[in-house]
Student: 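Structure in structure tokens, see below.
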Amino acid sequence: MLTSLALIFLVGLAAASICQRIRLPRIIGMLATGILLGPYVLDFLDGSILSISSDLREMALVIILIKAGLSLDISELKEVGRPAVLMAFLPAVFEILAFVLLAPGILGVTLLEAAILGAVLGAVSPAVVVPKMVQLMETGYGTDKGIPQLILAGASLDDVFVIVLFSTFTGMAQGGAVSAMDFAGIPISILLGIAGGALTGWLLALFFESQYAKERYVRNSMKVIIVLGISFLLVALETWLEGTLPFSGLLAVMSMACVLQLKSETFVTRRLAEKFGKLWLAAEVILFVLVGAAVDIRYTLGAGLGAVPMIFLALALRSAGVLLCLLGTKLNRKERLFCVIAYLPKATVQAAIGSVPLALGLPCGKLVLSVAVLSILITAPLGALGMDATYKRLLNRRSR
């Protein structure tokens, strides 16, 4: 495992540095490293680290979501309002609809199989989007109109919506019954995640303040460990409550960090955000290299010639959904275009659930995995490169 970790860090950082030098996003180098070192190409990564790959990816996501929450201005998020809620589900609905309408003719699948395909591809990748939005909030790009906050909130919420739909569609494909409670679980999961995280953040802030009042000052490094530990418990709570009560662990983590930032002194949250930013330097490499390692490129050719145009047609309809969400806002054409670009990349969710239909023995399993792999290879670099290349031209920078 130590050799694998050394390869992940050293080769991943080297590839990221090369990409940076040739003006490509660092993520492309890390994803390429994962694909190259992974079990489907050179097979240099130890099986023990691949067996806990999903857990490591989730840990890395937790770190960047805490950083996002600590950087998020609640007052600006409130101003965003309705579009953030719409961005949580409308673009995904449009993309799923594109697959339901077009995939049977292009890919030769049934309506239900098309819906499963759409659900797998419907989620935007928080792993790609969240770090970029955090960077924009820190540098002031688009913050005058709350654009990074809008995209951050929508991208964090839409995964919950899409994964519930995916579970419902695969259940139907296996002959399972679908009840209204399956769909009711979506808003319940979101609300409980936000409420549970907010309560936890308030209690944490209270604890830190009480310790300070008693002259038992908790060092910032210790606060990082406490916040991380509680965040991992919130994510684990989602698994513990599975089948009993819908709960979004990742949303709870970001909500906790937001309330902690709101209730704590500014200098405390600034220091915590800095420390989580340093942790992210290592977590980022682990996340994107392991996402790349989960991509089984053997299935790329299995999708057939129709898969690539199908992906782009679905992205076009998804983009229409994003533009619909932004109707009535103060955003100009350039800013709306940036929102469309930011909602293109797919990686994390597709790597996590793309192989599930195949594992369940569904007839469409191989095709779903093939299209999921292609979508990652096409949209993750496209979205990352698009955001990196356009944010300075499309967004206004708030003067500091």
Side-chain angles (χ1 to χ4, degrees), residues 1-20 24-70 125-135 155-156 159 221 224-225 227-229 231-232 234-236 249-250 253-254 257 273-297 345-355 373 376-377 380-381 383-384:
M1 183 183 283
L2 289 178
T3 306
S4 295
L5 282 171
L7 287 171
I8 287 170
F9 284 123
L10 298 177
V11 181
L13 284 172
S17 180
I18 291 168
C19 284
Q20 198 169 23
L24 289 175
R26 289 166 57 83
I27 176 185
I28 295 176
M30 296 177 202
L31 285 170
T33 298
I35 293 170
L36 191 65
L37 297 180
Y40 310 112
V41 183
L42 298 178
D43 196 17
F44 281 175
L45 299 181
D46 193 273
S48 57
I49 203 164
L50 293 173
S51 66
I52 57 168
S53 170
S54 60
D55 296 312
L56 291 173
R57 295 201 307 264
E58 199 160 36
M59 287 168 64
L61 265 181
V62 164
I63 290 169
I64 193 57
L65 285 173
I66 296 171
K67 176 81 166 64
L70 291 171
S125 172
V128 180
V129 173
V130 172
K132 191 64 189 179
M133 295 309 110
V134 172
Q135 182 196 337
S156 302
D159 286 0
S221 299
V224 167
I225 295 169
V227 170
L228 262 182
S231 299
F232 293 155
L234 286 172
V235 174
L250 291 177
V253 168
M254 196 164 76
E274 285 173 4
K275 287 191 175 289
F276 275 104
K278 290 173 183 175
L279 273 180
W280 173 243
L281 292 174
E284 177 187 32
V285 183
I286 291 174
L287 175 60
F288 291 122
V289 172
L290 290 180
V291 165
V295 174
D296 189 346
I297 60 169
K346 299 162 190 309
T348 329
V349 176
Q350 289 70 29
I353 66 175
S355 61
V373 168
I376 294 170
L377 295 174

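Heavy atoms only: backbone and side chains are in, while hydrogens, waters and symmetry mates are out.
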Student: Taking all atoms of both residues into account, what is the closest heavy-atom pair of Leu70 and Ala257, and its distance?
Tutor: CD2-O, 3.7 Å
Student: Enter the distance from Leu50:CG to Asp43:CG here, rounded to the nearest 0.5 Å.
Tutor: 7.5 Å
Student: Can you measure from CD1 (Ile66) to CG (Leu250) and round to the nearest 0.5 angstrom?
Tutor: 10.5 Å
Student: Looking only at heavy atoms, what is the nearest atom pair of Ala380 and Ala347, with distance?
Tutor: CB-CB, 4.5 Å
Student: Are the side chains of Asp46 and Thr3 in touch, meaning some heavy atoms are under 4.5 Å apart?
Tutor: no
Student: Passes side chain to side chain contact (heavy atoms under 4.5 Å, CB included), Val227 versus Phe276? Steps please.
Tutor: CA-CA 10 Å; Val227 170; Phe276 275 104; 3.9 Å; yes
Student: Considering non-hydrogen atoms only, spot the tightest contact between Val291 and Arg57 and give its length.
Tutor: CG2-CD, 3.5 Å
Student: Hey, what do you get for CG (Leu37) to CG (Leu45), rounding to the nearest 0.5 Å?
Tutor: 5.0 Å
Student: Tell me the closest heavy-atom pair linking Val235 and Val253, and the distance in Å.
Tutor: CG2-CG2, 3.9 Å
Student: When rounded to the nearest 0.5 angstrom, what distance separates CD1 in Ile63 from CG in Leu228?
Tutor: 5.5 Å
Student: Count the heavy atoms of every other residue, nucleotide or ligand shown that sit under 6.0 Å from CG of Leu2, and state whether that count exceeds 12.
Tutor: no
Student: Any idea which heavy atoms bring Ala293 and Pro39 closest together, and the distance?
Tutor: O-CD, 3.5 Å
Student: Got a second to check how far Ser125's OG is from Leu61's CG, nearest 0.5 Å?
Tutor: 7.5 Å
Student: Evaluate side chain to side chain contact (heavy atoms under 4.5 Å, CB included) for Val128 paired with Phe288, printing each intermediate quantity in order.
Tutor: CA-CA 9 Å; Val128 180; Phe288 291 122; 4.2 Å; yes
Student: Could you tell me the separation between the SG atom of Cys19 and the CE atom of Met30, rounded to the nearest 0.5 Å?
Tutor: 9.0 Å
Student: Kindly determine whether Ile35 and Leu377 satisfy side chain to side chain contact (heavy atoms under 4.5 Å, CB included), including the steps that lead there.
Tutor: CA-CA 10 Å; Ile35 293 170; Leu377 295 174; 3.5 Å; yes
Student: List the steps, then state whether side chain to side chain contact (heavy atoms under 4.5 Å, CB included) holds for Trp280 with Leu287.
Tutor: CA-CA 10 Å; Trp280 173 243; Leu287 175 60; 3.8 Å; yes
Student: Any side-chain heavy-atom pair from Ile27 and Lys132 closer than 4.5 angstrom?
Tutor: no
Student: Tell me the closest heavy-atom pair linking Gly29 and Ala15, and the distance in Å.
Tutor: O-CB, 3.4 Å
Student: For a 4.5 angstrom cut-off between non-hydrogen side-chain atoms, does Phe232 reach Asp55?
Tutor: no
